[in-house]
Structure formats: structure tokens, C-alpha cells
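What's counted below: heavy atoms across the whole structure, side chains too, no hydrogens, waters or symmetry copies.
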Amino acid sequence: MPRRMLFCFLISLLVLPMMRAGTVTPLREGWQLQSACKLQATGDSIGADGYQTDGWLKTAVPSTVLASQAAAGVFPDPYYGMNLRQIPGTTYKIGGIFANMPMAQDSPYRCGWWYRTEFAAPAAAHQGERAWLHFGGINYRGDVWLNGKKIADTTKVAGAYRTYDFDVTELLKPGKKNVLAVETFAPTEKDLGINWVDWNPCPPDKDMGLWGAVDLVTTGTVTLRSPLAVTHFTDSSLGTAELTIYAELHNASDHAVKGAVSGTAAGVKFEEPVELAAHEDRTVVFSPDHFAQLRIRNPKPWWPRQMGEPHLERLTMRFHEQGEVTDEQSVDFGFREITSELTPNESRLFRVNGKPILIRGAGWSQDMLLRTDEHRLRDQFRLVEDMNLNTIRLEGKLETEEFFHIADQDGILVMLGWCCCDHWEHWKDWTAEDLTIATASLRSQMLRLRQHASLLVWLNGSDNAPPTSVERAYLDVEAETHWPNPIISAAASEVTAGGGPNGVKMTGPYDYVAPSYWYVDKQNGGAYGFNTETSPGPAIPSLASREKFLPDAQAWPPTENWSMHYGGGEFLNLKVLDDSMAAVYAKPQSAAEYERISGAMEYDSERAMFEAYSRNKYTSTGVIQWMLNNAWPSMIWHLYDYYLDAGAGYFGTKKACEPVHIQYSYDDRSIVVVNSTYERLAGLHASVHVHNMAWKELYSGNAPVDAGADSSQMVLTIPENLYADAERFFFIDLALTDSKGEVVSRNFYWVPGTLTTFDWPKTDYTHTPAARHEDLTALANMPAAKVIARAEIEKTIRGRVVRLELENPSTALAFQVSAAVRTSSGGLIAPVIWSDNWIELVPGEKRVLTALLPETGVDAPTVQIGSWNAGSQTITPTAAVAAR
């Protein structure tokens with residue numbers, strides 16, 4: 001078994017929420033913060049009792065330096081308007097990649113920043129008790145002092161993604177006041193920090209500080225860490241699961257210890273005697289070859305929510321010496337086995353418990369100041385689930401334990417790995433210390449995360465694969481830590497010595513393209529293979545959201561305040577979207593028109609992207625929308641905005657990814673039914689109706705459908721001769737009903753007779769430009785329609801729900817009808833879970849939409865209803881007559 005000796009302290013993972021033996025004292029409150037440039041004292045004084053902290057900033061941990069300053073009101077909201085530019089140290093140009101730049105010489109964040117707290121340590125409970133200080137994340141370097149004594153310096157504390165456990169038994173004062181002081185230092189452009197690239201700006205402190213939790217932990221002589229249960233199913237029936245159990249032991253004493261490791265996994269007991277030498281580390285392994293009880297009969301598997309129930313079991317492990325438990329930990333785990341393979345077209349296909357799954361997900365971002373909010377986190381998972389996405393991708397930005405716990409519980413898969421575009425991928429500039437920090441960071445994260453059922457794959461690189469020497473070092477760590485899931489070298493198409501072909505692509509686009517792109521492109525981002533990050537680009541927040549971060553939310557044309565909230569690098573402006581909008585739809589004359597037209601474009605393109613990949617499964621094996629959310633208020637790359645308000649792209653995605661779905665194909669005019677469930681669905685009926693602008697029916701068709709499990713099948717084709725007149729314009733109305741006539745899926749398209757022609761030779765990583773745009777300008781002159789709206793609000797077991805009845809009594813189509821719940825003054829209420837939105841109402845149609853409101857902060861909501869050709873109105877819901 002692998003062994004390694006610790007010297008003066010242990011640096012490893014501590015899974016704090018799982019602790020049973022001993023105590024965990026969170027050191028969250030009562031911290032103070034000050035710049036080292038304002039102090040004359042040294043660490044032995046600052047870290048000692050009696051030091052005066054007059055003028056220090058009060059804060060809590062975890063918190064970066066700038067997050068603490070913002071919370072204390074030192075600076076006005078950095079996310080509002082141009083406020084970020086006014087903070088000292090923000091000297092780089094708008095859109096610049098600060099992660100790759102040095103801080104200015106006069107930046108206040110070039111100094112070290114001290115975090116200091118005083119805390120009462122619990123009295124010692126028994127002889128031989130050990131005390132540990134756990135740091136969940138320090139960005140980037142630090143000197144750590146306890147009671148005036150230095151316990152670690154910047155040669156040992158280096159690396160944003162490392163976790164640390166320091167044995168402070170000899171320095172702690174049990175039952176008395178203790179003083180902990182940490183001087184933190186920001187990452188330089190040559191460090192492996194927490195970076196922001198073209199997604200959003202980088203804060204001037206580069207997120208320096210104690211960004212992870214700090215805890216005092218007491219244990220016995222031997223610690224047990226990182227319990228892990230790995231599942232292997234013996235065959236496709238899933239009738240027998242073989243469990244292999246791992247845990248990391250450390251003997252903190254200077255003498256040998258005899259004891260035993262015991263535990264239970266899903267109620268099954270196991271135990272083995274263990275003898276550890278002084279200061280020994282050891283990985284203990286319980287395999288089914290030696291513990292037959294770990295062959296579990298008829299287990300209940302964990303599935304992603306799309307495939308079944310995300311059922312979790314419990315693994316508990318402990319070390320006991322002479323009848324006394326020295327340490328015990330428990331974690332959730334799932335009976336699940338994730339594998340991957342290359343398809344015949346060399347695309348990466350993932351399987352869960354032997355069954356293939358089309359990955360449909362989006363890229364996640366933490367808050368730009370790394371602030372955490374558990375309620376907000378749960379709200380975001382609700383939005384992901386409502387869109388029917390099955391995966392979240394983390395490019396760096398490795399989230400909190402709570403994030404992964406929710407993913408496990410809710411059955412959302414997680415792709416994760418290192419970030420691109422800064423020192424993490426500047427391998428030619430690495431020093432020997434960089435490699436040490438990178439591998440130590442990887443080890444920390446492997447041990448912190450490996451037990452989670454939701455983890456799909458680890459990526460050792462993002463835009464590029466690491467060179468052979470770095471890849472080998474990474475693979476060694478992953479083998480040593482028994483990482484149980486697939487590993488690929490990068491998010492881009494690469495072939496490496498250690499991993500072979502990775503079977504994925506990262507070929508864009510990241511900016512606006514017409515919906516047909518996803519069907520007709522065969523060389524870049526189109527619907528084949530596994531696209532690890534791609535997007536139709538900008539996403540304009542609603543007026544209610546813009547008012548929260550812009551002083552001129554209705555300005556037209558957009559001002560510098562707006563451009564501050566565009567992207568960086570190649571995405572400094574929205575020119576691609578704006579030019580396409582003017583050519584295809586109309587040139588907007590106001591911010592309201594801009595929001596309305598961009599909404600239709602977002603809906604159409606997001607829907608088409610996911611639909612194209614769904615139709616082509618498993619020629620296509622996965623697509624990740626870039627991005628899911630934003631680190632700060634932004635005009636690009638989100639499905640819901642920073643304030644959790646869902647725009648048109650959200651509902652296009654939700655429509656495309658619904659479990660059973662009918663859709664139109666831009667390339668061959670086919671009507672396709674996609675069954676994303678894992679059950680055969682018989683007795684369905686598909687129908688299509690094609691109308692012109694005057695709502696004259698040009699074509700109708702229908703077909704019976706038996707949808708196989710996890711299938712995509714063509715059921716109808718619109719005749720080609722319908723498109724003979726290139727100037728024609730079509731509304732395509734699709735419906736899928738069940739054997740009882742109930743609507744299973746409804747979908748509506750606006751399609752020109754001649755699609756966009758793409759200028760393929762001018763393709764770059766951002767997008768493929770149009771050689772000739774399609775023409776949808778007729779939508780600006782649609783016949784007027786009328787929408788009658790009524791709303792009531794009721795209490796249900798899910799919470800407060802608005803029930804909105806919409807009716808179109810006119811003879812014209814009501815196009816892109818949207819509804820938003822707002823305060824009586826028009827202010828934002830979010831998140832709101834709508835059953836559907838951005839819909840069309842055909843002449844004479846009635847529809848009912850429902851909106852689940854947030855738990856708090858909604859006293860007297862109104863509903864704002866907008867459209868392209870039926871005006872706008874605001875109504876106040878009445879109280880429901882009776883609970884439904």
C-alpha cells in the first residue's frame with residue numbers, strides 16, 4: 001500500500017461536514033482585516049494576544065479582501081455601472097485579461113493583507129487529543145500564525161486550490177482564548193490562481209484572501225479522511241454491485257499505533273486491523289475479493305435525474321484504538337458506474353450504469369468575488385433542473401461542498417477540471433514550484449471531491465492538453481487518489497501520450513449564428529461529436545434586471561455603462577449580434593426594441609443548438625452551452641442572468657430539452673420526435689401545420705409515433721416544393737399528443753424560405769459569419785393581434801403560484817408572447833419558475849401558464865405581458881377562489 005511520511009504538518013483534505021469523532025469549530029465570525037502596508041508590526045505581534053486592531057475592517061470568513069471591503073461599504077457596489085473601474089488597482093483596459101497582467105505598482109493589493117481572529121478553543125476532551133487548523137482555500141500565498149508562533153510560511157502555503165491541515169496541538173490553548181493571524185498575498189500573473197478570462201472582468205485584488213472555510217478540528221491520534229466507495233456492476237442487469245472502499249489514514253503521533261478500521265456501506269459492515277508506524281500515511285482498501293460482503297445484491301442504483309432516481313446511500317468509516325474511536329467520517333455515495341468510450345466517429349460517449357447519455361449542459365461560474373449563498377445556490381439548481389439540463393461544467397471555479405452535495409441529491413452531472421488562458425496553461429513558463437503546486441492542488445481536489453456520485457469526468461486541461469511531463473504527473477496523482485471516473489486531457493480535441501484521443505471538440509461558436517448553423521455545419525461547432533463549450537452568444541437581460549446594475553438601463557444607443565458589462569478579449573462588443581439583428585429582423589430604435597428582438601434571436605438559436613444535438617444522438621454525444629450563468633451582471637453568455645431572471649434563451653433551452661419533444665430540422669425539413677426518457681412511449685401522435693404571414697394554411701400532416709427509449713426518429717417531412725418561392729415565410733406549428741389526446745410537446749417556428757448562407761472560409765473561433773443573411777424582416781409588420789389575460793394567485797404544496805390565462809380572440813397570430821412577474825413598481829422578482837414562456841398564440845387559442853414564485857419577497861406581484869404584435873399590458877393577479 002502507498003506510504004509517505006509527513007514532516008512538521010499534514011497538508012491534505014479534511015471533509016469537515018462529515019466529521020463524527022472529535023469536534024469541528026467553524027472559525028467564521030469575528031475576523032478583522034487590514035493591509036500590511038498600513039502596519040508596522042510583525043507576525044509574532046499581530047498573531048499574539050493583546051495586539052490592538054483599531055481601524056481594522058470587520059469581516060467573516062470565507063471572504064476575499066475586496067468582498068470584505070464591498071460588504072463593509074468601503075466601495076459602492078462593484079457590480080453597478082462603472083463602479084469597478086473606480087476601485088484602486090483597476091488599471092487595465094475594459095475587456096483586458098487581468099489574470100495575465102501584473103498589478104500596478106501602486107495597487108493596494110500588491111501588499112499583503114492580514115486576517116486576524118480571536119477564538120475560544122474547546123477544552124481537551126481526552127488525553128492524546130490532536131488539534132488541527134483546516135484551511136479550505138487561501139489565494140494565493142500565506143503566512144500563518146497561531147498565538148504568536150508561525151506555523152507555515154509562503155513556501156508551504158501556495159496555491160489557490162490547495163487545502164491545508166496544520167497540526168497545532170502543541171500551540172493551541174484548549175479552553176482558553178487563542179489568536180489566529182494569516183497574512184495573505186495575491187497571485188501574480190505567473191501564479192496558478194483563480195482566474196477570470198473573457199467571461200467578465202477580474203477584480204483588482206485577483207480574489208486574494210481566505211476564500212475557503214477555516215475550522216478548528218479535534219481528533220484522536222489517528223485521523224481518517226476522504227472515504228470513498230467505488231461501484232462496479234458485474235453485468236448489465238445491475239443485479240450485483242461490487243464495492244471497493246478507500247480511506248486515507250494518518251498517524252499524527254511519534255509512536256506506532258495498533259487499531260482497526262471499520263465501517264458500513266449501505267448497511268453492510270466491514271473491518272480490518274491496521275498498524276501504523278509513527279507519522280505514517282496509508283491508504284486502506286477494502287475490496288470485494290477480500291470482503292465478500294461488499295458484493296451487494298439487488299442494489300438501488302443512483303441515476304442522473306433524466307434517467308431515474310438519484311438514490312444515495314451512506315458510507316461511514318472510523319478508526320478505533322483500544323476501543324476508542326479516534327476519527328470517524330460519513331459521506332453519501334451512489335451505486336453508480338460512469339464510463340466513457342469513443343464512438344465510430346471518435347466522439348466521446350459517456351455511459352451511466354452501462355446506459356448511454358447525451359450530455360446537455362452549460363458552463364457554471366462562481367460569483368466574481370467568490371461570495372457564497374446556499375439559498376442562491378439551491379435556486380440555481382432549480383433553474384438547471386427546470387431547463388431539463390443534465391450536466392454542469394466547471395472550468396476551474398471548483399465549487400463548495402454544498403454545490404456537489406446538491407448535485408448528488410438532485411441528479412445533476414458535473415464536468416470539472418482546470419481553467420484555460422492563463423498560467424494554468426502557460427506550461428512553457430512553469431517552474432519546478434509550479435508543477436509542485438499544480439499536483440498538490442490536484443491531489444487536494446481529488447481527495448475533496450472523489451466520493452461524489454454526480455461527478456462525470458475530470459479534465460486535466462481546458463483549451464489545451466498539458467505537455468507529456470505535466471500530464472504524467474497529473475495522471476499519477478489521479479491514480480494514487482483512486483479517482484473513480486473518466487479522465488480526459490482537455491476540453492479541446494487533442495491526442496496525448498497518456499490519454500490518447502480525447503474525443504471532444506471546442507470549436508465554437510461563441511457569438512451569434514443563425515439557427516440553421518447547428519444543422520448545416522459539419523466542420524466546426526455543428527451538431528456532431530461532443531462540443532465542450534459553445535453558444536449563440538449575447539443574452540440581453542430584462543429591463544428589471546438592467547436597472548439593478550445600470551444607471552441608464554433604457555439608454556439608446558447603449559452607453560459605456562452597458563459596454564462595461566459585455567465580455568472581454570474578442571467579445572468587447574455585441575457587433576455580431578447587432579449586425580445580424582439589423583439584417584435579419586430590424587434595426588432597433590430603443591432599448592425596449594433591442595431587448596424584444598434579441599429575445600427572439602436568443603430563443604431561436606439556443607433552441608436550435610440543443611435540438612440539433614438531440615436529433616443527431618449518438619452521432620452527437622454532448623453539448624455544453626457557454627455559459628449557464630454569470631459571475632457578475634452581464635450582456636453575454638447566460639441562460640439566466642446574474643439576478644436569476646430567466647430570459648428567452650432559457651425558455652428556448654427548456655423547450656428543446658423537454659423529456660419528450662417534437663422539433664423541426666432546418667437542413668432537411670424533417671419533423672423529429674426525441675424521447676430523452678429511458679422508456680418506450682407508444683401511441684403518440686405528431687402533427688404539423690404550416691402557415692404564411694396572413695395565417696393561411698399551406699400544409700398540414702400527421703403521423704402515429706412509437707418513440708423508443710432514448711431515441712430520435714424522423715416522423716414527417718415538409719415537402720420541398722413548399723420552399724420553391726425563396727421569398728416565402730413560414731410559421732410551423734408542431735404538436736405531439738398522447739393516446740388520450742393530451743399535449744405532450746408543443747413547438748413553434750418562424751422560418752424563411754431561404755436560410756442564411758454561411759461564409760465558411762471566414763470562420764474563426766468566435767463564429768462563422770453570414771455571406772448572405774436570411775430575411776425575417778416581415779415580422780416587424782405582422783398583422784395586429786389581441787391577447788386577453790387573466791391571472792390569479794394561489795397557495796399550493798409547491799408554494800405560491802400565479803396562474804395566467806391567455807387568450808387570442810383575433811384572427812392573427814400573437815407572436816412571442818412573454819410574461820414576467822414583477823413588483824407593483826415594475827421591479828425584479830426572481831427566480832420565477834414558469835411552465836412555459838415566449839410562446840405563440842394561434843388565432844382563437846387559449847393557453848394557461850403557471851409561475852412558481854420565490855418563497856420570500858413577493859407581497860403584491862403584478863404580471864407584465866409583452867409581445868411583438870399584440871401590445872403590452874400589466875395585470876394584477878387576484879386571489880384564487882379555492883386551492884387547486
Side-chain angles (χ1 to χ4, degrees), residues 9-19 22-31 33 59-65 67-68 113 115-117 119 131-144 146 151-152 154 156-168 180-187 192-194 206-219 223 225-227 248 250 329 331 366-367 369-374 377 394 396-407 414 416 418 437 440-452 481:
F9 55 82
L10 170 69
I11 300 178
S12 66
L13 169 77
L14 185 61
V15 189
L16 295 169
M18 290 52 167
M19 179 65 69
T23 61
V24 178
T25 304
L27 303 182
R28 174 170 174 77
E29 305 296 334
W31 289 82
L33 178 70
T59 190
V61 166
S63 179
T64 66
V65 171
S68 297
W113 280 77
Y115 288 76
R116 186 182 188 276
T117 188
F119 64 95
W132 308 84
L133 276 175
H134 171 77
F135 290 86
I138 300 174
N139 190 23
Y140 182 74
R141 297 182 186 270
D143 290 329
V144 184
L146 180 65
I151 60 175
T154 55
K156 301 299 182 182
V157 178
Y161 288 111
R162 295 172 74 178
T163 60
Y164 305 89
D165 287 300
F166 301 118
D167 188 341
V168 294
L180 174 62
V182 184
E183 185 178 12
T184 63
F185 301 89
L192 302 173
I194 299 172
K206 295 193 174 184
D207 284 321
M208 70 179 298
L210 300 181
W211 75 276
V214 180
D215 299 271
L216 174 67
V217 181
T218 58
T219 69
T223 62
R225 298 286 178 263
S226 307
E248 311 301 319
H250 170 63
Q329 293 202 26
V331 295
Q366 290 174 287
D367 179 80
L369 302 186
L370 306 185
R371 296 174 291 196
T372 60
D373 181 330
E374 183 177 332
L377 184 61
L394 309 182
K397 317 301 180 289
L398 301 178
E399 266 285 3
T400 62
E401 181 65 25
E402 184 61 22
F403 174 96
F404 295 99
H405 179 62
I406 297 172
V414 182
L416 66 170
W418 297 132
I437 291 171
S441 301
L442 181 62
R443 185 179 300 277
S444 287
Q445 296 305 319
M446 292 286 105
L447 292 174
R448 179 173 81 95
L449 300 172
R450 66 183 185 178
Q451 78 277 5
H452 286 285
T481 54

Ignoring hydrogens and angles, tell me if any N or O in the side chain of [X] forms a donor-acceptor pair with the backbone of [Y] under 3.5 Å.
{"X": "T117", "Y": "G30", "value": "yes"}
{"X": "T481", "Y": "L447", "value": "no"}
{"X": "N139", "Y": "K206", "value": "yes"}

Are [X] and [Y] packed together at the side-chain level, in the sense that at least one heavy-atom pair is separated by less than 4.5 angstrom?
{"X": "R448", "Y": "F404", "result": "yes"}
{"X": "F119", "Y": "L216", "result": "yes"}
{"X": "L398", "Y": "F403", "result": "no"}

Could you tell me which non-hydrogen atom of [X] sits nearest to which non-hydrogen atom of [Y], and how far apart they are?
{"X": "P62", "Y": "A213", "value": "CB-N, 4.1 Å"}
{"X": "R162", "Y": "S444", "value": "CA-OG, 3.7 Å"}
{"X": "V24", "Y": "P26", "value": "O-CD, 3.4 Å"}
{"X": "K156", "Y": "Y164", "value": "O-CE2, 3.4 Å"}
{"X": "G209", "Y": "T184", "value": "CA-OG1, 3.7 Å"}
{"X": "D207", "Y": "L369", "value": "OD1-CA, 3.6 Å"}

Could you grab the distance from atom [atom1] of [X] to atom [atom2] of [Y], nearest 0.5 Å is fine?
{"X": "L377", "Y": "I406", "atom1": "CG", "atom2": "CD1", "value": "4.0 Å"}
{"X": "F185", "Y": "M208", "atom1": "CZ", "atom2": "CE", "value": "8.0 Å"}
{"X": "T64", "Y": "W211", "atom1": "OG1", "atom2": "CH2", "value": "11.0 Å"}
{"X": "H250", "Y": "D167", "atom1": "NE2", "atom2": "CG", "value": "6.5 Å"}
{"X": "T372", "Y": "E402", "atom1": "OG1", "atom2": "CD", "value": "10.0 Å"}
{"X": "L416", "Y": "H452", "atom1": "CG", "atom2": "NE2", "value": "10.0 Å"}

_Verdict with reasoning, D215 to L27, per side chain to side chain contact (heavy atoms under 4.5 Å, CB included)_ = CA-CA 5 Å; D215 299 271; L27 303 182; 5.7 Å; no
*Assess whether side chain to side chain contact (heavy atoms under 4.5 Å, CB included) is satisfied between Y140 and I437, documenting all intermediate values.*
CA-CA 11 Å; Y140 182 74; I437 291 171; 3.6 Å; yes
*Would you call the rings of W418 and Y161 parallel, tilted or perpendicular, where under 30° means parallel and over 60° means perpendicular?*
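Tilted, since the angle between the ring planes falls between 30° and 60°.
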*Quickly, which of D143, V157, V144, T154 forms a side-chain contact (heavy atoms from CB on, under 4.5 Å) with E183? Name it, please.*
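That would be D143.
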*asked:* Using the rule given for side chain to side chain contact (heavy atoms under 4.5 Å, CB included), can you reason through V214 versus L180, listing the C-alpha separation, both sets of side-chain angles and the distance that settles it, and then say yes or no?
replied: CA-CA 10 Å; V214 180; L180 174 62; 4.0 Å; yes
*Take E248 and R450 through the salt bridge (Lys or Arg N to Asp or Glu O under 4.0 Å) test and state the conclusion after the steps.*
CA-CA 12 Å; E248 311 301 319; R450 66 183 185 178; 3.1 Å; yes
